[in-house]
Amino acid sequence: MDLQLNNKTVIVTASSKGLGKASALAFANEGASVLISSRNAEELEQTVQEIKAATGNESVRYAVCDITDESSIKSLVQEAVDWTGRVDVLINNAGGPPAGGFEKFSDEDWYKAFELNLLSFIRLTREVLPHMRKAGGGRIINFASSSIKQTLDNLILSNTFRAGIVGWAKSLSQELAADNILINTVGPGRIATDRVAELDQIRADKLGKSYEDLRKQTEQSIPIGRYGNPDEFAGIVVFLGSGVNTYITGQSFLVDGGLVKAL
């Protein structure tokens, strides 16, 4: 299937590793020009070379960006426009906030999580909208968590702001539909990334279990019987960001192997 991504420009944030990297690779594999970003130039350079080698697509570059800084976001979007003259797809992604319960966190912790996990998406979207309108449309995909359907223990910051993403995106989808700009949210379940391994280790320590035992127990709770791979997550992201998606907007999807049972 032709996903109509040739000559399209895609920005993927937090993409030097994990789900962002997998998604950037998938877009590059479909012929898009892909601009990846994070705060680590060395990791970004290595990721660019890996994506080029894996896909044969030379139209991949990086820009260092701190998505908690508004001026850095403006520079990132301008980098894409200076490079190709357009922005067609925005992948809003960010690292997760610290684990913990309500009484652990101060006002400063809440403000930092808000800036990282919700305000950054708002700012990035604001910056790309004029360029998407100029191009005649666009696609925005927000990375969240399975907590958009069912909250996760000991992750109150994440639970709060992931839910905020869904409400914001649903409202915005109604405003942008007439401009052919579609916005959707995708929540990963237990996908085998460094972030999930980190959270599993924290949970294992709290329960007095080994990491291996905890992972085995978690896998038994997933109907498919295993953790997902990042490229499995990237598949739905590329579809939603493609020209083939012409009628899906304002929706939230889980990629979780059937783990979450809530409707």
Side-chain angles (χ1 to χ4, degrees), residues 1-37 47-63 76-77 79-81 83-93 121 124-125 127-129 131-144 165 169 172-173 176-189 191 193 228-257:
M1 179 185 292
D2 178 10
L3 295 182
Q4 303 172 32
L5 285 165
N6 279 319
N7 302 316
K8 302 297 186 182
T9 299
V10 182
I11 298 174
V12 188
T13 61
S15 46
S16 62
K17 56 187 176 181
L19 299 179
K21 177 180 177 180
S23 299
L25 190 152
F27 277 106
N29 206 40
E30 294 295 331
S33 296
V34 182
L35 179 64
I36 67 171
S37 74
T47 298
V48 165
Q49 297 308 317
E50 290 176 1
I51 292 174
K52 287 181 176 181
T55 65
N57 185 344
E58 290 295 317
S59 192
V60 183
R61 65 166 60 183
Y62 76 86
L76 173 65
V77 175
E79 174 80 16
V81 174
W83 178 32
T84 66
R86 59 192 298 143
V87 178
D88 301 282
V89 183
L90 170 65
I91 307 301
N92 280 320
N93 184 29
F121 289 18
L124 283 156
T125 299
E127 286 302 309
V128 303
L129 286 182
H131 305 290
M132 289 185 173
R133 289 190 174 106
K134 182 179 178 181
R139 304 290 182 267
I140 301 166
I141 299 95
N142 309 305
F143 288 9
I165 291 169
L172 189 58
S173 70
L176 299 180
D179 295 316
N180 189 33
I181 299 172
L182 311 183
I183 179 168
N184 292 286
T185 302
V186 184
I191 310 293
T193 63
N229 296 315
D231 60 340
E232 293 176 305
F233 178 86
I236 188 172
V237 174
V238 171
F239 168 75
L240 290 171
S242 76
V244 176
N245 173 25
T246 57
Y247 205 62
I248 301 172
T249 192
Q251 303 306 308
S252 302
F253 301 91
L254 294 188
V255 182
D256 72 342

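All values below were derived from every heavy atom in this structure, side-chain atoms included, with hydrogens, water molecules and symmetry-related copies excluded.
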Nearest 0.5 Å please: distance from the [atom1] atom of [X] over to the [atom2] atom of [Y].
{"X": "Leu5", "Y": "Leu3", "atom1": "CG", "atom2": "CG", "answer": "5.5 Å"}
{"X": "Asp88", "Y": "Phe27", "atom1": "CG", "atom2": "CZ", "answer": "10.5 Å"}
{"X": "Ile181", "Y": "Met132", "atom1": "CD1", "atom2": "CE", "answer": "6.5 Å"}

Verdict with reasoning, Leu129 to Ile140, per side chain to side chain contact (heavy atoms under 4.5 Å, CB included): CA-CA 10 Å; Leu129 286 182; Ile140 301 166; 4.3 Å; yes

Any side-chain donor near an acceptor of the partner, Ser59 and Ser33, under 3.5 Å: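 Judged by distance alone, the side chains do pair up.
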
Sub-3.5 Å donor-acceptor pair from the side chain of [X] to the main-chain atoms of [Y], do we have one?
{"X": "Thr13", "Y": "Ile91", "answer": "yes"}
{"X": "Thr47", "Y": "Ser16", "answer": "yes"}
{"X": "Asn229", "Y": "Asp231", "answer": "no"}
{"X": "Asn245", "Y": "Ile248", "answer": "yes"}
{"X": "Thr249", "Y": "Ile183", "answer": "yes"}
{"X": "Ser15", "Y": "Ala24", "answer": "no"}
{"X": "Asn57", "Y": "Ala28", "answer": "yes"}

Validation row: Leu124, Leu76 side chains within 4.5 angstrom (heavy atoms):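 In short, these two side chains touch, coming nearer than 4.5 Å.
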
Intermediate values then yes/no, side chain to side chain donor-acceptor pair (under 3.5 Å), Thr9 and Thr84: CA-CA 7 Å; Thr9 299; Thr84 66; 2.6 Å; yes

Greater than 12 external heavy atoms within 6.0 Å of Lys52's NZ: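 Atom NZ in Lys52 is crowded, with more than 12 foreign heavy atoms closer than 6.0 Å.
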
Neighbour count above 12 (heavy atom, 6.0 Å) for Asn7 CG: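 Not buried by this count: 12 neighbours or fewer within 6.0 Å.
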
Val89 vs Ile141, side chain to side chain contact (heavy atoms under 4.5 Å, CB included): CA-CA, chis, key distance, verdict: CA-CA 8 Å; Val89 183; Ile141 299 95; 4.2 Å; yes

Salt bridge flag under 4.0 Å for residues Glu30 and Lys8: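 Answer for the salt bridge query: no.
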
Side chain to side chain contact (heavy atoms under 4.5 Å, CB included) between Val186 and Val255, worked out: CA-CA 7 Å; Val186 184; Val255 182; 3.8 Å; yes

Where Asp256 and Gly189 come nearest, the two heavy atoms and their spacing: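 Minimum heavy-atom separation between Asp256 and Gly189: CB-CA, 3.7 Å.
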
Test ring pair (Phe, Tyr, Trp, His ring centres under 6.0 Å) applied to Phe233 and Phe143, Phe253, Phe239, the passing residue: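 Going through Phe143, Phe253, Phe239 one by one, the ring pair (Phe, Tyr, Trp, His ring centres under 6.0 Å) with Phe233 is satisfied by Phe143 alone.
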
